[in-house]
Student: 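Here it is: the structure, laid out below.
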Protein chains: 2
Amino acid sequence: MVREKTDEVRRNGGAARVLDALDRKILGALSVDATLSYAAIGQEVGLSAPAVHERVKRLRASGAIRATVAQLDGPAVGKPMLAFIHVDTVGWGKTAELLSLEAWPEVEEIHTATGDTCLILKVRVASPHALEGLLARIYDVEGVRGTRTYMTLSTHLERTVQADVSAELEEELYIKR
Amino acid sequence: MVREKTDEVRRNGGAARVLDALDRKILGALSVDATLSYAAIGQEVGLSAPAVHERVKRLRASGAIRATVAQLDGPAVGKPMLAFIHVDTVGWGKTAELLSLEAWPEVEEIHTATGDTCLILKVRVASPHALEGLLARIYDVEGVRGTRTYMTLSTHLERTVQADVSAELEEELYIKR
DNA sequence: GCTATGTTCTGAATGAGGTTCTGTGAAGGG
DNA sequence: CCCTTCACAGAACCTCATTCAGAACATAGC
């Protein structure tokens, strides 16, 4: 019976479900260090290892945990330069074409944005020369009208999505599908 | 002797060391899915599990792998709104004060940048109201002259630092200290 | 050229921790 | 009041991380 229910939840991708305080504590811990053992997390939040495991499995299935990844150091892997590029296009329809940017390893983020620009890119490159080549390729894309590049000189903070652990939000947090 | 040398490398934090093709393949795999077993990675790159483990240990010690974290989903944890905020300050010295932004859970990234602005923030909030409150707090910080906010409407790509697996870069990649 | 030395790998052995199973107690509904 | 459902704890199992010893290979010095 329990198994049936679990499978059902997994089928519909995790229906709307409140994240309680324990879930947010677990997410907070894993978003900082995903190598923690379930037993260690259980110590922190007051659960047994299997209970933590069950919740993490649910959080993965529901999409609250998108992935578990290694955070690399830009300079260490040969990409010391970070920049944000604002791209203006001739129309909204053309942004679809730009999505092939996903295949470019320099591009880490692509957002559609409001303001005086259409797209915001976060890119990481090895050198000024590499940045110039990237910009040239961007201008080659059909529909690109112009770009504005913001080079970063130093990065003071760079982390992933934070789960707020404050308790008063409990009622508002739902898993969206 | 071997142990001595290993300890020495660890003491100076991992001296300049070339990342070879195997290292970059391993980094590429772990940056996408850090839950892979060492045996599975070894299958991909042609090494045994202990050999992969040894390399990963070195990559962690050298700083090429900064951390292993769970990537959370913004909407799922109650933060559906993502924005970039460009902050103008009255002088460079004042940016140090702004670094207390690290303690604000809405702020994910802080960069010093070139261009017509001093700081670029990446923030994720629950609602327009929360964004307004955040901007009010930013303006309360001593030295803040103005801000420009770029709201994102949709995110087409959001990933971490990518390790280029192409082979021709082999000679250029060093671990910086 | 030969030897000593350091490096990195493989395969085996061990132990920690991930994963599953079963039972129990609490909460909600008929 | 009983039944169902759910989440958890404890125990058992089993995969996989980790360590160890030895082999292969490259390098430097004699």
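Sequence lines set the chain letters: A, B, ... in the order given, protein chains first and strands last, and positions in each chain run from 1.
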Student: Can you name the side chain to side chain donor-acceptor pair (under 3.5 Å) partners of B:His156, sequence neighbours left out?
Tutor: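 Applying side chain to side chain donor-acceptor pair (under 3.5 Å) to B:His156 gives A:Thr112, B:Ser154.
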Student: Would you find a donor on one side and an acceptor on the other, under 3.5 Å apart, between the side chain of A:Lys79 and the backbone of B:Gln162?
Tutor: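 Yes; at least one donor-acceptor contact below 3.5 Å.
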Student: When the distance from CG of A:Asp23 to C1' of D:dA7 is rounded to whole Å, what number comes out?
Tutor: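 Interatomic distance, CG of A:Asp23 to C1' of D:dA7: 12 Å.
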Student: Between the main-chain N or O of B:Thr35 and the side-chain N or O of A:Thr68, is there a donor-acceptor pair closer than 3.5 Å?
Tutor: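 No; zero donor-acceptor contacts below 3.5 Å.
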Student: Would you list the protein and nucleotides 8-15 of chain D atom pairs, both N or O, that sit under 3.5 Å from each other?
Tutor:
| residue | atom | partner | partner atom | Å |
| --- | --- | --- | --- | --- |
| D:dC8 | OP1 | A:Arg55 | NE | 3.1 |
| D:dC8 | OP1 | A:Arg55 | NH2 | 2.6 |
| D:dC8 | OP2 | A:Arg55 | NE | 3.4 |
| D:dA9 | OP2 | A:Ser48 | N | 2.6 |
| D:dA9 | OP2 | A:Ser48 | OG | 2.4 |

Student: Round to the nearest Å and state the distance from A:Ile41 atom CD1 to C:dT19 atom C1'.
Tutor: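 Whole-Å distance recorded here is 15 Å.
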Student: Show your reasoning for whether side-chain contact (heavy atoms from CB on, under 4.5 Å) applies to A:Arg55 and A:Arg58.
Tutor: CA-CA 5 Å; A:Arg55 280 171 177 264; A:Arg58 273 204 310 255; 3.6 Å; yes
Student: Whole angstrom is fine here: how far is it from OH in A:Tyr38 over to C1' in C:dA16?
Tutor: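 After rounding, the gap between these two atoms is 15 Å.
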Student: Should B:Leu59 and A:Val69 be counted in the same cluster of Ile, Leu, Val, Met, Phe, Trp and Tyr side chains packed under 4.5 Å apart?
Tutor: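 Shared cluster, no.
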Student: Any side-chain to backbone donor/acceptor pair from B:Arg159 onto B:Ser31? Under 3.5 Å, distance only.
Tutor: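 Pair absent, no side-chain N/O of B:Arg159 close to backbone of B:Ser31.
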Student: Taking only residues two or more places apart in sequence, or in another chain, which ones meet B:His86 in a side-chain contact (heavy atoms from CB on, under 4.5 Å)?
Tutor: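 B:His86: side-chain contact (heavy atoms from CB on, under 4.5 Å) contacts with A:His86, A:Tyr150, B:Thr117, B:Ile120, B:Arg148, B:Tyr150.
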Student: For A:Pro105, is there any backbone N or O sitting under 3.5 Å from a side-chain donor or acceptor partner on A:Arg124?
Tutor: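 No.
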Student: Who clusters with A:Leu82? Use side-chain heavy atoms, under 4.5 angstrom, across I, L, V, M, F, W and Y, and order the result by chain and number.
Tutor: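 Other cluster members: none.
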Student: Take atom NE2 of B:His53 and atom P of D:dT18, then tell me their distance rounded to the nearest Å.
Tutor: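 Going from B:His53 (NE2) to D:dT18 (P), I get 4 Å.
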Student: Side-chain heavy atoms nearer than 4.5 Å, only ILVMFWY residues, links allowed to pass through others: does that put A:Ile41 and A:Val32 together?
Tutor: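 Different clusters: A:Ile41 never reaches A:Val32 through Ile, Leu, Val, Met, Phe, Trp or Tyr contacts under 4.5 Å.
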Student: Give me, pair by pair, the N or O atoms of the protein and of nucleotides 22-27 of chain C that are less than 3.5 Å apart, along with how far apart they are.
Tutor:
none

Student: Taking only Lys NZ, Arg NE, NH1 and NH2, and the carboxylate oxygens of Asp or Glu, determine whether B:Lys122 and A:Glu108 approach each other closer than 4.0 Å.
Tutor: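 No, no charged N to carboxylate O under 4.0 Å.
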Student: At what angle, to 10 degrees, do the two end axes of the helix from C:dG1-D:dC30 to C:dG30-D:dC1 meet, given five pairs define each axis?
Tutor: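 The angle, to the nearest 10 degrees, is 30°.
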Student: Using atom CG of A:Asp33 as one end and atom P of C:dG17 as the other, report the distance to the nearest whole Å.
Tutor: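 Answer to the nearest Å: 13 Å.
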Student: What is the separation between atom CG on A:Leu36 and atom C1' on D:dA17, rounded to the nearest whole Å?
Tutor: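 My rounded result for the distance is 16 Å.
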Student: Nearest to the side chain of B:Ser37, which nucleotide is it out of D:dT19, C:dT19, D:dC16?
Tutor: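 For the B:Ser37 side chain, the nearest candidate turns out to be D:dC16.
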